[in-house]
Structure formats: structure tokens, C-alpha cells
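First the structure, in the form of C-alpha cells, and then the observations on it.
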Amino acid sequence: MDFTTSLIKWYENDHRLLPWRETSDPYFIWLSEVILQQTRIDQGTNYYIRFIEHFPTLKDLASASEDEVLKLWQGLGYYSRARNLHFAAKFILNSYNGQFPDTYDAILSLKGVGEYTASAIASIAFNLPYAAIDGNVYRVLSRFTGLDAPIDTGEGKKMFRELANHFLDQKNPGIYNQAVMELGAVVCTPQSPDCKNCPLNDSCVALRDKTISMLPVKIGRTVQRNRYFNYLDITSGSHTFIHQRKGGDIWHGLFEFPLIETVAEIGVDELILNKEWSDLFDGIKPVITGWERVPVHLLSHLKIYTRFIRIDLPEEFDLSEKYRKVLKKDIFKFAVPRLVERYLINRYE
DNA sequence: CAAACGTGGTA
DNA sequence: TTACCAAGTTT
């Protein structure tokens, strides 16, 4: 049997039962695909379930506020996915009368939908012949054919696209795409793949040549920068202060305490001499009741060193209008970064 | 095109 | 504890 036939036969018998595999509704397929971008199934499944509970239809999602969508997305990372998802839902409701677009080009033009996701939706929901190429597919194709072109350069990607189109099952593109990804996820894994039980092990070039551990080839990785955050956990009577992060930086749309970022690690005694500090408190001398460091927070491209400083202010005091004065007991209603959530759980729960 | 964009699991 | 990297997209 050839690659495609063996793969589909294996998938029909062995695939996992996942919630989004019980439907062909493009709204659900879309939702699952966006949630699973750069995200493991173990991590994304609960989010998918909560999303379809809260937003059973595209119209429900479109009718929600962005803050509500971000709150449901909290902890999943890559928050632009949530904002783009919400934007696209409103767009589909307004421009397509709520009818999910059914051509590759129209799907691709949705915010937050790139080539992979457009191919996945087009093939799975509409049975259109587009090969979806994600990290699993690169790995499976690279090992099966022995192609050692890098998967993160334009030239390499083009070669893998040709391979993917060559192997695509034109009649069952949705099943085929899911089959390749499934194989990559459960058999042809990055480390210690289960080649003994692989349906393709009789014709896999990398297995024959013992190059499994060297494929696929990747070129680059961006270096991590350091950032230094000082969050001000202010108590003003039964209130505290928060603000919403803007675009052009991490965590766009999420909430956090007033933040003073420094270019290097400095002491609290230095921090209170900082101009941002005096601007923030404008004349008032706040009482520092304590402070604590939290473990370094790792992002794909950042290491964030953080200190939370607890401060007491007179009840009637207000910060500038950039900051919202909210009841402390309401703090968990806001979408916050994991880093902040961990602190809140320790401190307020 | 390279870099930005989160978080958590694994070795 | 570092390093990799997961159903990628945007700028």
C-alpha cells in the first residue's frame, strides 16, 4: 500500500475520539483549529469545551464582548488568537449573514486564519482538496521521505508543500489531513517515536537510514530577552487598581496591576526614586507594606523577572484615569496573564 | 523575511 | 535546569 492508503486505513481504525471530530460544523472546526494553533490537545481541549458551552453558535461568539472572550481564553496564551477569533466572528455575522464562508480564499482572509488553518477548515468542514501543513506534517513527511530541507525557510516550506500536495487524498482531504496530523501526534512524535507500530514503517526513509532523530531540520530559534516588571498591588480600602494592556506588546487586552518596568533589576529603594513612581502617586507618599519576587516567567522570546509590591493608600485616593479602581473581590472577573493569575491565587484565594 | 507572540510538558 | 517545541499567524 502507498503512503496515503496506509495512513487512512490506520486512521480509520486507530484515531482518538476528540470533541471536534464529532461535528462537521465549520464554526466548531474553526474554533478547534484556532485553539489548537501551537497548542497541545491536552491543553486546548478544555478550552474548546468551555467555548462551545459559552458560545454554542457563531452568533453567540460575535455578540459577546472582547473582554468576555479574553476571560475565557485566559491562560491559553497567544491572546491575539482570541481577539482575531472574536473579530472574525463579528465579520462573518455582518458580511456573510452569519453563514461561515465555504471557499478556501474566503476562509483564508479571516483574521487569525493562515494557510494551515484555512486548509484544515476547507478540507475538514467542506471536503475541499487543500493539504494542511502543520508541525506534525513537516515531521511525518520529512521522516517518511528523508527530505532534510529546513522546515522554517521559504525554500524548505515550498518543497514540503509540494510533497504534501502530492500525497493529498483528493477524494477525502479532510480525513487525510487529520490522519497525517494524528500520526505525527501519537506515533511519529518528536522524541522517541513509536516506529514499531507505525503503519508506514516498511517504507520510511528515515527509519531505514536511522536518521529519525535528525529530522525534521530546523534552522533558527530566537534568543530570549530579559524584562523586569514591578507590579504594584495597591490596597485602597476595599479596592485596588488595574489597567488593560494595549497593543504593540505582550498580553494585549489583558489586565494587570499598575506596572513599572525597568531595564534592569533594581531595588525597591531605588524604584521609589523612579520618575514613574512619583508620577503615579502624584504627591502622596504611599506606604509599602511588603514585596515579593515570583519565579521567572518564561515566554517563547522573553524571560520576565517580576516583583509584586504591596502598597497601602488612603481610601479616597485615585490614580490617573489610565487605571481602573476596582473592588478586590472582583479581581478574578478580569482576564489576566498567567504570571498575574498565579500571584492572585496565592494572595487572594 | 525575521521576530514577536504564551504556556506547559518532556527529557 | 536548560532546551525543545506544540493542529501557526501577523507584521
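None of the values given here were measured: they were computed from a predicted structure. Below, chain A is the first sequence line, B the second, and so on; all start at residue 1.
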note: A:Tyr116, atom OH; C:dT9, atom P; distance rounded to Å ~ 8 Å
Rounded to whole Å, CG of A:Asn84 lies from P of C:dT10 at a distance of 6 Å
Atom CD of A:Glu115 and atom P of C:dT10 are separated, to the nearest Å, by 10 Å
Rounding to 0.5 Å, atoms CZ (A:Phe91) and OH (A:Tyr96) come to a distance of 4.5 Å
Original post:
Would you call A:Glu115 and A:Lys157 a salt bridge, using N to O less than 4.0 angstrom?
Top reply: no
The answer to which of A:Asp42 and A:Leu302 contacts DNA chain B further toward the 5' end, by nearest nucleotide, is A:Leu302
A:Asp134 atom CG is separated from C:dT9 atom C1', nearest whole Å, by 14 Å
- Select base, sugar-phosphate, or nothing to describe what A:Leu18 touches, counting heavy atoms under 4.0 Å on all strands. base
Does A:Gln37 have a side-chain nitrogen or oxygen under 4.0 Å from the phosphate oxygens OP1 or OP2 of C:dG8? no
Taken to the nearest whole Å, CD/A:Gln178 to P/C:dA7 is 13 Å
Requested in this report: Using a 4.0 Å heavy-atom cut-off across all strands, classify A:Arg225 as base, sugar-phosphate, or nothing.
Outcome: nothing
Of A:Arg227, A:Arg293, A:Lys303, the one forming a salt bridge (charged side-chain N to carboxylate O under 4.0 Å, His left out) with A:Glu265 is A:Arg293
With a 4.0 Å cut-off on heavy atoms, is A:Arg40 in touch with a base, just the backbone sugar-phosphate, or nothing at all?
base
When rounded to the nearest 0.5 Å, the distance separating OH of A:Tyr11 from CZ of A:Arg16 is 9.0 Å
> Which is true for A:Arg139 with a 4.0 Å heavy-atom rule: it touches a base, it touches only sugar-phosphate, or it touches nothing?
Replying inline: sugar-phosphate
With a non-hydrogen cut-off below 4.0 angstrom, is A:Thr117 in contact with a base, only sugar-phosphate, or nothing? sugar-phosphate
Q) When the P atoms of C:dA7 and B:dA11 are considered, how many whole Å apart are they? A) 15 Å
(message) Classify A:Leu299 by what it touches in the nucleic acid, base, sugar-phosphate, or nothing, heavy-atom distance under 4.0 Å.
(response) base
(message) Mind checking if A:Ile41 touches a base, just sugar-phosphate, or nothing, with heavy atoms under 4.0 Å?
(response) base
Regarding A:His252, tell me which of base, sugar-phosphate or nothing describes its non-hydrogen contacts under 4.0 Å with the strands shown.
nothing
From CD of A:Glu33 across to P of C:dA6 the rounded distance in Å is 16 Å
Next on the checklist: Is there a side-chain contact between A:Tyr228 and A:Ile266 in this structure, where contact means two heavy atoms from C-beta onward sitting under 4.5 Å apart?
Outcome noted: no
Remember a base hit wins even if backbone is also touched, and classify A:Gly154 as base, sugar-phosphate or nothing at under 4.0 Å, heavy atoms. sugar-phosphate
C1' spacing across the pair B:dC1 / C:dA6, given as an integer number of angstrom: 23 Å
Exercise. Look at all strands and tell whether A:Trp73 reaches a base, only sugar-phosphate, or nothing, counting heavy atoms closer than 4.0 Å.
Key: nothing
Between NZ of A:Lys218 and C1' of C:dG8 the distance, given in whole Å, is 11 Å
Next on the checklist: In this structure, is the centre-to-centre distance between the rings of A:Trp73 and A:Tyr78 below 6.0 Å?
Outcome noted: no
Separation between the C1' atoms of C:dC4 and B:dG6, rounded to whole Å: 15 Å
Only residue of A:Leu313, A:Asp312, A:Ile242 satisfying side chain to side chain contact (heavy atoms under 4.5 Å, CB included) with A:Ile234 is A:Leu313
| request: Select base, sugar-phosphate, or nothing to describe what A:Val34 touches, counting heavy atoms under 4.0 Å on all strands. | output: nothing
A:Leu232 and A:Phe257 have their tightest heavy-atom pair at O-CB, 3.4 Å
Per nearest nucleotide of DNA chain B, the residue lying toward the 5' end, A:Leu339 or A:Glu155, is A:Glu155
| task | Using a 4.0 Å heavy-atom cut-off across all strands, classify A:Gln191 as base, sugar-phosphate, or nothing. | result | nothing
Electrostatic pair A:Glu68:A:Lys71 at N-O distance under 4.0 angstrom:
no
When rounded to whole Å, the CD1 to P distance for the pair A:Ile151 and C:dA6 reads 7 Å
Would you classify A:Gly75 as touching base, sugar-phosphate or nothing, given that sugar-phosphate means primed atoms plus P, OP1 and OP2, and contacts are heavy atoms under 4.0 Å?
sugar-phosphate
In the 5' to 3' direction, the nucleotides of DNA chain B bounding the stretch that comes under 4.0 Å of a heavy atom in chain A are B:dC1 to B:dG9
